[in-house]
Amino acid sequence: MRASPIRRCPRAHAEISATWPRGRSSRRAKIWGVSANECPTGQQQTGTHDSAFLKACRREPVPHTPVWFMRQAGRSLPEYRKVREGIAMLDSCMRPDLVTEITLQPVRRHHVDAAIYFSDIVVPLKALGIDLDIKPGVGPVVENPIRTRADLEQLRPLEPGDVPYVTEAIGMLVRELGATPLIGFAGAPFTLASYLVEGGPSRNHERTKALMYGDPQLWADLLDRLADITAAFLKVQIAAGASAVQLFDSWVGALSPADYRRSVMPASAKVFRAVEGLGVPRIHFGVGTGELLGLMGEAGADVVGVDWRVPLDEAARRVGPGKALQGNIDPAVLFAPREAVENKAREVLDAAAGLEGHIFNLGHGVLPTTDPDALTRLVDYVHTRTAR
Ligand code: CP3
């Protein structure tokens with residue numbers, strides 16, 4: 001399956017090198033596992049460049065509409081539950097062998113067009129020494145929430161050496177995946193801030209908003225630090241071989257467009273700028289973001305993820321030209337009979353017919369009790385129906 005190795009990718013390498021602090025090239029080469037004439041994005045060695053997924057991200061013609069699912073690796077798969085038995089979520093994220101196995105499971109089973117690196121948005125925060133855990137059935141819980149300027153000092157910059165297991169796991173994955181692209185990801189500044197300020201998951205984000213409205217300078221400084229951490233974390237993944245990156249701003253739909261533009265967009269835009277020109281498409285996604293889609297594209301995404309509340313043709317009008325879209329079947333639809341799933345999938349494909357680039361996905365992550373066979377059938381349906 002693997003394309004014959006091509007040993008040079010000077011442009012991407014030069015750009016990655018240029019963005020990294022000077023004077024640490026030997027350390028960088030060691031940590032990043034790249035030598036001067038290897039392509040850090042790995043695309044030319046492995047043949048991912050011509051995959052349907054990356055073509056759709058670049059808005060080029062595709063042989064079929066590419067499909068992947070947010071949270072495709074996880075509790076819906078019996079093989080996932082088996083390998084995770086007795087191992088805490090965050091511990092599993094720090095074991096490259098386990099990360100590799102779990103990331104590959106949905107690719108083997110469903111024949112999706114891309115893998116997504118198995119991890120969690122709070123992993124870089126944990127790597128910085130923040131005392132947090134992922135509680136089953138609850139989500140990330142932070143022991144000492146960040147609410148004052150003194151609390152902010154907990155957040156130091158992220159160095160590649162803080163997450164060696166990420167570099168190692170991605171290296172293994174890229175070799176295993178061959179021509180199938182690997183999506184790296186990170187939580188966006190607002191969504192990370194919401195966990196850090198609330199101390200855990202929140203329905204109304206009241207403490208987060210209290211800080212945002214009550215102390216705009218502290219809020220801006222918090223988001224700016226999170227932007228730097230997130231950018232560094234994405235660069236580690238790109239240098240190790242990720243073919244695309246997705247910035248999850250899952251909870252930003254809680255904000256109005258004016259508040260988003262003023263209080264969040266500068267930080268998200270900083271993340272996107274930091275990974276611009278590295279040869280990997282940048283995907284941006286949030287839930288309930290119908291009113292924010294245009295701004296989220298403007299923040300610097302190449303691909304805008306859409307939840308199930310806005311049809312893709314309408315989303316394309318809101319986002320404007322020059323961007324691909326990703327989405328957007330309601331994850332709960334997968335609990336309906338096969339015919340109903342196919343009807344909904346057809347609706348999504350019909351709405352996407354005039355798009356410049358479309359990546360089929362759910363409107364949010366796979367729900368833990370989803371029948372995995374329904375996911376496999378959906379991939380097959382989209383591939384068959386869109387084969388050109
Ligand atoms: O998509 C994938 O397959 C990659 C894996 C992935 C996980 N988390 C694994 C995970 C990704 C991309 C994430 C991102 C993530 N984590 C987000 C953004 C995406 C989204 O869903 O909106 C958010 C908000 C989190 C925070 C988080 N982590 C929550 C809300 C939960 C669920 C808690 C629960 O148990 O219900 C987690 C835990 C988590 N992250 C699990 C997995 C597979 C479940 C933990 C387990 O299996 O024990």
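We count ligands from 1, going down the list as the structure has it; atoms in each ligand are counted the same way. Every value quoted in this text rests on a predicted model; they were computed, and no experiment measured them.
Looking only at distances, no side-chain donor or acceptor of H64 sits under 3.5 Å from a matching main-chain atom of R385.
The side chain to side chain donor-acceptor pair (under 3.5 Å) check on D224 picks up K270, with sequence neighbours excluded.
Closer than 4.0 angstrom to ligand 1 sit non-hydrogen atoms from M70, R71, Q72, A73, R75, Y80, R84, M89, I116, Y117, F118, S119, D120, I121, I134, P136, G137, V138, G139, P140, F185, Y195, F248, S250, W251, H364.
With side-chain heavy atoms closer than 4.5 Å counting as contact, directly or through intermediates, the hydrophobic cluster containing V138 also holds V141. Other residues sharing the hydrophobic cluster of F335, ordered by chain and number and joined by side-chain separations under 4.5 Å: L367.
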Go through the steps to decide whether R149 and D221 satisfy the test salt bridge (charged side-chain N to carboxylate O under 4.0 Å, His left out), and finish with yes or no.
-> CA-CA 9 Å; R149 189 153 290 277; D221 292 347; 2.8 Å; yes

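R261 and S256 form no side-chain donor-acceptor contact under 3.5 Å, judged by distance and modelled atom types alone.
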